[in-house]
Amino acid sequence: MKVKEIVTLQRSLLVDTEKLLNKQVEMEGKSSAYYLSMASWCDMMGYANAAKYLYTHADEERMHMMKIFRYINEAGGHAIQPEITDIRHNFNSLREVFELILEHEIKVTKAINNIVDHAFSVKDFATFSFMQWYVTEQREEETMSRRALELFDIIGEEGVGLWTIDQELGKLHNASVQASGE
Ligand code: FEO
């Protein structure tokens, strides 16, 4: 019997599912690094509340990565520490940062939906059920990112606009921290 056959006999996690989950580990790890880099840029530029929002977001993404990482190993697979490269360090504006976040979160939602769809199609209901937490989380993260971006249109960037947007981002951050602690 080949090694691969023995391995798959000892577990219900299919190799294809494991690959998709490891790809998601990489995506969440990259999200964490991406948001950490954005936080640093905001810090450097004096957008203190945007930085706080993004430092917290970077921590949350690492937690997202670790949940899947542990799940893969618990299910009998092999979680792979991802290579994190090509992280952008400079941005053209605060608005651009928040546009990129929303764009990125929509990509993450599509990747999560793809795993859920796959898990259902191969009748891996454990993974299907495990991924429901991510489905809900993505809905919240997209809403939050959209709300942050809307501030730029509602408030405007002229005069004290950027300062006010940064203050509002601080309130959004506090509301989010409170909500996740409830
Ligand atoms: Fe873990 Fe924001 O995706």
Side-chain angles (χ1 to χ4, degrees), residues 13 17-43 47 49-75 77 79-89 91 94-120 124 126-152 165 168-182:
L13 185 69
T17 314
E18 182 181 353
K19 274 189 195 154
L20 278 177
L21 289 170
N22 266 319
K23 255 179 81 181
Q24 197 58 34
V25 163
E26 183 179 350
M27 196 170 206
E28 303 289 346
K30 281 199 166 165
S31 303
S32 180
Y34 197 24
Y35 296 157
L36 185 61
S37 181
M38 287 173 170
S40 178
W41 182 85
C42 289
D43 228 354
Y47 301 122
N49 290 297
K52 198 159 71 171
Y53 177 102
L54 286 161
Y55 281 126
T56 303
H57 206 156
D59 284 347
E60 284 171 3
E61 296 300 349
R62 180 170 165 81
M63 179 270 281
H64 296 175
M65 177 183 93
M66 289 309 298
K67 260 174 100 90
I68 303 176
F69 199 89
R70 291 205 182 93
Y71 176 81
I72 294 170
N73 284 343
E74 278 165 19
I80 305 295
Q81 158 65 44
E83 297 287 334
I84 308 286
T85 53
D86 296 327
I87 299 299
R88 191 171 155 186
H89 302 294
F91 303 90
L94 187 61
R95 184 187 192 115
E96 186 193 29
V97 166
F98 283 87
E99 281 171 351
L100 290 170
I101 294 171
L102 180 58
E103 197 180 298
H104 185 73
E105 287 300 330
I106 290 170
K107 269 191 214 156
V108 175
T109 300
K110 284 184 183 158
I112 297 284
N113 287 346
N114 186 42
I115 298 174
V116 173
D117 182 51
H118 165 83
F120 192 78
D124 179 351
T127 300
F128 179 82
S129 166
F130 169 74
M131 291 306 295
Q132 297 310 304
W133 183 87
Y134 287 86
V135 171
T136 308
E137 182 71 6
Q138 276 314 116
R139 168 54 56 245
E140 286 167 13
E141 293 218 337
E142 262 191 50
T143 303
M144 184 74 120
S145 307
R146 202 167 290 112
R147 211 158 274 166
L149 191 54
E150 280 164 5
L151 292 172
F152 291 82
I165 289 168
E168 291 300 319
L169 286 169
K171 289 182 200 165
L172 210 53
H173 169 264
N174 292 341
S176 153
V177 169
Q178 255 180 8
S180 58
E182 277 167 9

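Both counts, for ligands and for their atoms, begin at 1 and track the order of listing.
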Do the charged groups of K30 and E26 touch, with an N to O distance under 4.0 Å? yes
Might you work through the side chain to side chain donor-acceptor pair (under 3.5 Å) test for H64 and S31, ending with a clear yes or no? CA-CA 10 Å; H64 296 175; S31 303; over 6 Å; no
Using the six-membered ring wherever Trp is involved, compare the ring planes of H57 and Y35 and label them parallel, tilted or perpendicular (cut-offs 30° and 60°). tilted
T136 side chain vs Q132 backbone, donor-acceptor pair below 3.5 Å: yes
Please give me the protein atoms (N, O or S only) lying under 2.8 Å from atom 1 (Fe) of ligand 1, ordered by chain and number. E28 OE1, E61 OE1, H64 ND1
Indicate the ring-plane relationship of H173 and Y53, choosing parallel, tilted or perpendicular according to the 30° and 60° boundaries. tilted
E96/R88 ion pair, N-O < 4.0 Å: yes
